[in-house]
Number of protein chains: 2
Amino acid sequence: MGASKTDFFSSDQNELAAIAKALGHPARIAIIQHLLKVNSCVCNSIVDELPLAQPTVSQHLRELKQAGLIQGTVEGNSICYCINGETWNKFGELFKTLFASYKQITKCC
Amino acid sequence: MGASKTDFFSSDQNELAAIAKALGHPARIAIIQHLLKVNSCVCNSIVDELPLAQPTVSQHLRELKQAGLIQGTVEGNSICYCINGETWNKFGELFKTLFASYKQITKCC
DNA sequence: TTTTAATATTGCAATATTACGATGAAGATC
DNA sequence: GATCTTCATCGTAATATTGCAATATTAAAA
């Protein structure tokens, strides 16, 4: 197989999984951390920040964009990337809720 | 290729990515949500909660366990699974920090 | 208009993931 | 002991991901 049976899960579950999946690669974490650190649009050379070839970085950027985590705006002949503030905060809430819904249990196996 | 170049990223980045990756499948999100909901060890039939065959569920459980998100304890001839409280809270902090480190920028592309 | 710079797309190889049937292991029950 | 139950592992097929070289695209610069 190799294909996830997404149809059998709730849209809620699929959404959370999709965001997590997008963050599930060190290069994409590195991109996100870089964007968070500079705290502005990065208008070129994200490639220079990473130990990967340009097409590979482009691919990772596309995945982050598709997941809604970042946005890219054409600016001259370069493209400016930044965190998509709206979805970022929304996704942050989803994860916060997930992690916060754990209550320590006294008796466990 | 198909293999991530993990060596070129920080352990910090690899750790975050690994947790996110483990959560990056709707079945695994469903398992986690189920464990959070019942708020105790689940001593059998996680399989019944999912639209997947038993070996597939077993595989997903193993990945969650390897990532440190859950723990399983042998109890008679069944195995009791529950959230690994310690790592769960630690990972929650990691994600919280990641998402919280975004500051709205006024001027953006 | 040619060249340059920045990024995307295509095509491909290597590897990983997802899923399941068959089978195995180990305790429980008869 | 024989059998049942529960779960893991193995083997395998289908598909997805990762990474890069080659090439395309698009706009600025010369």
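Letters A, B, ... mirror the listed sequences (proteins, then strands); counts begin at 1.
- Heavy-atom distances under 4.0 Å link DNA chain C to Lys21(B), His25(B) of residues 6-25 of chain B, given in residue order.
- For the side chain to side chain donor-acceptor pair (under 3.5 Å) test, residues two or more places apart in sequence or in another chain that qualify with Lys90(B) are Glu15(B).
- Closest of all the heavy-atom pairs between Tyr81(B) and Leu35(B) is O-CD2, 3.5 Å.
- Projected onto DNA chain C by closest heavy-atom contact, Ala27(B) and Val74(B) fall at different nucleotides, the more 5' of which corresponds to Ala27(B).
- Partners of Ala18(B) according to the side chain to side chain contact (heavy atoms under 4.5 Å, CB included) rule, which considers only residues two or more places apart in sequence or in another chain, do not exist here.
- Computed from coordinates, the Glu75(A) CD to dT26(D) C1' distance equals 15 Å when rounded to whole Å.
- In this structure, the CG atom of Leu52(B) is 14 Å from the P atom of dA8(D), given to the nearest Å.
- Pairs passing the salt bridge (Lys or Arg N to Asp or Glu O under 4.0 Å) check and including a residue from residues 34-52 of chain B, sequence neighbours excluded, do not occur.
- Scanning for side chain to side chain contact (heavy atoms under 4.5 Å, CB included) contacts around Asn77(A) gives an empty result, with sequence neighbours left out.
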Let me check something: any side-chain donor-acceptor pairs from residues 50-69 of chain B under 3.5 Å, sequence neighbours excluded? List them with distances.
| residue | atom | partner | partner atom | Å |
| --- | --- | --- | --- | --- |
| His60(B) | ND1 | Arg28(B) | NH1 | 2.9 |
| Glu63(B) | OE1 | Arg28(B) | NH1 | 3.2 |

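- Here Phe9(B) pairs with nothing under the ring pair (Phe, Tyr, Trp, His ring centres under 6.0 Å) rule; sequence neighbours left out.
- In this view, Asp12(B) and Gln33(A), Ser10(B) satisfy the side chain to side chain contact (heavy atoms under 4.5 Å, CB included) rule, not counting sequence neighbours.
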Dump the pairs, protein N or O against N or O of nucleotides 6-12 of chain C, anything under 3.5 Å, distances to one decimal.
| residue | atom | partner | partner atom | Å |
| --- | --- | --- | --- | --- |
| dT7(C) | OP1 | Cys43(A) | O | 3.3 |
| dA8(C) | OP1 | Tyr81(A) | OH | 2.4 |
| dA8(C) | OP2 | Ser58(A) | OG | 2.8 |
| dA8(C) | N7 | Gln54(A) | NE2 | 2.6 |
| dA8(C) | N6 | Gln54(A) | OE1 | 2.9 |

